[in-house]
Amino acid sequence: MDHAADAHRTDLMTITRHVLNEQRRNPESRGDFTILLSHIVFGCKFVASAVNKAGLAKLIGLAGETNVQANRTDGCLTLCDVRQGEEQKKLDVLSNEVFVKALVSSGRTCVLVSEEDEEATFVDPALRGKYCVCFDPLDGSSNIDCGVSIGTIFGIYMIKDKDNVTLEDVLQPGTNMLAAGYCMYGSSCTLVLSTGSGVNGFTLDPSLGEFILTHPDIKIPKKGKIYSVNEGNARNWDAAVAKFVEKCKYPKDGSPPKSLRYIGSMVADVHRTLLYGGVFLYPADKKSPNGKLRVLYEVFPMSFLMEQAGGQSFTGKERALELVPTQIHERSPVFLGSYDDVEEIKALYAELAKTSSA
């Protein structure tokens with residue numbers, strides 16, 4: 001890429017210009033949403049820089065704390081049972097602080113839910129706006145040391161009464177989500193965003209300090225050739241998941257088998273699925289009967305993006321976005337990706353339910 005030439009171009013679609021264009025399509029808009037997104041973008045730029053410098057800045061290493069979500073399989077909001085939790089990196093702590101400060105200082109949020117904080121953060125009344133943001137500041141942080149792509153995931157809701165906001169106002173179904181996205185920090189820094197009218201991908205150009213539109217109107221292929229799942233959990237799967245993976249490996253219709261691709265970083269696995277098609281699975285199993293991924297800031301945002309790109313997301317029982325969480329760190333199984341692939345999983349679960357009730 002000729003950065004010198006880019007510096008003089010005026011036709012580049014930056015994320016700021018894109019969001020302003022979206023704002024113009026809504027005449028009643030006052031710009032609050034645009035300001036909020038600009039603060040999220042700032043947070044992503046800051047974390048991208050910190051991730052790139054992690055080794056030099058000695059940010060990698062234990063922070064002496066345990067991630068509050070570590071050993072939780074039942075949605076419990078206490079630390080009493082955390083014994084063998086995830087080791088929390090210093091970069092996790094920094095990323096969380098950056099996003100909390102960026103979101104509060106925007107003056108457009110009234111409550112925040114972070115994967116790193118046990119309790120929701122209620123913004124000081126003097127700085128409150130009408131939005132709730134649920135986010136995982138650094139998803140996949142256990143992969144920092146080996147250079148695997150990690151990322152930030154976020155979802156945005158509107159709160160009816162910012163002056164009397166409660167925890168109940170946060171526990172909305174994913175169908176109420178206004179916008180969602182993720183920022184992936186890897187060989188390049190890519191921000192994928194949907195404000196409810198399609199999905200667009202932006203890549204950070206370091207020479208300009210701007211996210212440039214590089215993946216306009218992303219559409220996931222209707223059927224994919226890749227499946228993504230942790231097969232180390234295979235002995236604990238239910239019959240529907242086991243049968244689907246078996247069909248991926250040994251199709252009986254004469255089609256070629258699907259390829260297995262599993263990175264273990266949700267942002268990276270979902271990003272590949274979104275671009276190339278296929279299905280990402282994180283099912284419930286005997287070891288984790290409620291699944292492992294958190295509803296508000298992992299399942300909902302990624303499901304929102306998949307549906308906006310023409311795919312589907314399913315929990316094994318229902319459309320993922322129709323879940324109504326009862327706790328801010330609640331977990332759920334999820335199957336998301338190409339429409340036809342998820343449809344096949346839904347059929348297998350319907351068959352399993354029919355067999356079980358017979």
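For Lys45, the salt bridge (charged side-chain N to carboxylate O under 4.0 Å, His left out) test picks out no residue, with sequence neighbours left out. Every residue two or more places apart in sequence or in another chain that forms a salt bridge (charged side-chain N to carboxylate O under 4.0 Å, His left out) with Lys258 is listed here: Asp341. With sequence neighbours excluded, no residue forms a salt bridge (charged side-chain N to carboxylate O under 4.0 Å, His left out) with Arg128. Not counting sequence neighbours, the partners of Pro257 by the side-chain contact (heavy atoms from CB on, under 4.5 Å) test are Pro251. Scanning for salt bridge (charged side-chain N to carboxylate O under 4.0 Å, His left out) contacts around Lys130 gives an empty result, with sequence neighbours left out.
At a cut-off of 3.5 Å, with distance as the only test, no side-chain donor of Ser338 or Asp340 sits close to an acceptor on the other residue. For the residue pair Asn200 / Asp217, no side-chain donor-acceptor distance below 3.5 Å is found, with atom types taken as modelled. Between the side chains of Asn233 and Asn236, no donor-acceptor pair of N or O atoms lies under 3.5 Å. Side chain to side chain, Glu210 and Thr14 fail the donor-acceptor criterion of an N or O pair below 3.5 Å. No side-chain N or O of Ser313 forms a donor-acceptor pair with one of Glu307 less than 3.5 Å apart.
The environment of Lys346 atom NZ is dense: over 12 non-hydrogen atoms of other residues, nucleotides or ligands sit within 6.0 angstrom. By the neighbour-count criterion of 12 heavy atoms within 6.0 Å, atom NZ of Lys219 is densely surrounded, having more than that number from other residues, nucleotides or ligands. Atom OH of Tyr276 sits in a sparse spot, with 12 or fewer heavy atoms from other residues, nucleotides or ligands closer than 6.0 Å. Counting heavy-atom neighbours within 6.0 Å of Phe122 CZ, excluding the residue itself, gives a total above 12.
Between the side chain of Asp253 and the backbone N or O of Ser255 there is at least one donor-acceptor pair closer than 3.5 Å. Between the side chain of Ser106 and the backbone N or O of His39 there is no donor-acceptor pair closer than 3.5 Å. Proximity of a side-chain donor or acceptor of Glu330 to a complementary backbone N or O of Thr326 within less than 3.5 Å is detected. Side chain of Arg108 to backbone of Thr34: no donor-acceptor contact under 3.5 angstrom is found. At distances below 3.5 Å, not a single donor-acceptor pair connects side-chain atoms of Thr109 with backbone N or O atoms of Gly129. With hydrogens and angles disregarded, a donor-acceptor distance shorter than 3.5 Å links the side chain of Gln172 to the backbone of Asp169. Between the side chain of Thr152 and the backbone N or O of Cys183 there is no donor-acceptor pair closer than 3.5 Å. Put simply, the side chain of Asp269 never gets that close to the backbone of Arg272: no donor and acceptor are under 3.5 Å apart. One N or O on the side chain of Ser194 and one on the backbone of Gly198 form a donor-acceptor pair closer than 3.5 Å.
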For this session: In sequence, state the C-alpha distance, the side-chain angles, and the governing distance for Val229 and Tyr282, and then conclude on side-chain contact (heavy atoms from CB on, under 4.5 Å).
Result: CA-CA 6 Å; Val229 66; Tyr282 213 119; over 6 Å; no
For this session: Evaluate the side-chain contact (heavy atoms from CB on, under 4.5 Å) criterion for residues Phe99 and Leu138: first the C-alpha distance (whole Å), next the side-chain angles of each, then the deciding distance (0.1 Å), finally the verdict.
Result: CA-CA 10 Å; Phe99 277 102; Leu138 204 62; over 6 Å; no
For this session: Given side-chain contact (heavy atoms from CB on, under 4.5 Å), test Trp237 with Val245 step by step and report yes or no.
Result: CA-CA 10 Å; Trp237 289 341; Val245 173; 3.6 Å; yes
Problem set entry | Residue pair Met184, Ser149: steps toward the side-chain contact (heavy atoms from CB on, under 4.5 Å) verdict | CA-CA 7 Å; Met184 185 174 69; Ser149 296; 3.9 Å; yes
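Here ring-ring contact (aromatic ring centres under 6.0 Å, His included) pairs that include residues 169-204, with residues two or more places apart or in two chains, are His18-Phe202, Tyr182-His271.
Tyr297 and His329 have their aromatic ring centers within a separation under 6.0 angstrom. Between Tyr349 and Phe335, the distance separating the two ring centers is shorter than 6.0 angstrom. The six-membered or imidazole ring of Phe280 lies away from that of Tyr227, with a centre-to-centre distance of 6.0 Å or more.
Under the 4.5 Å side-chain criterion, counting only non-hydrogen atoms from C-beta, Thr16 is not in contact with Leu37. Ile153 places none of its side-chain heavy atoms less than 4.5 Å from the side chain of Phe135. For the pair Val279/Val342, a side-chain contact is recorded, criterion being any heavy-atom separation below 4.5 Å from C-beta on. With a 4.5 Å cut-off on side-chain heavy atoms, Arg24 and Asn21 count as touching. Ile220 has its side chain out of reach of Tyr339: every pair of non-hydrogen atoms, C-beta onward, lies at least 4.5 Å apart. The shortest distance between side-chain heavy atoms of Ile40 and Ile156 falls below 4.5 Å.
Rounded to the nearest 0.5 angstrom, Cys110 SG and Ile159 CD1 are separated by 5.0 Å.
Salt-bridge formation is detected for the pair Glu322/Arg319: a Lys NZ or Arg NE/NH1/NH2 atom is positioned less than 4.0 Å from an Asp or Glu carboxylate oxygen. A salt bridge links Lys223 and Glu344; the closest N-O separation between the charged side-chain nitrogens and carboxylate oxygens is under 4.0 Å. Between Arg294 and Glu115 a salt bridge is recorded (basic side-chain N to carboxylate O distance below 4.0 Å). In this structure, Lys249 does not pair ionically with Glu246, as no charged nitrogen and carboxylate oxygen lie closer than 4.0 Å.
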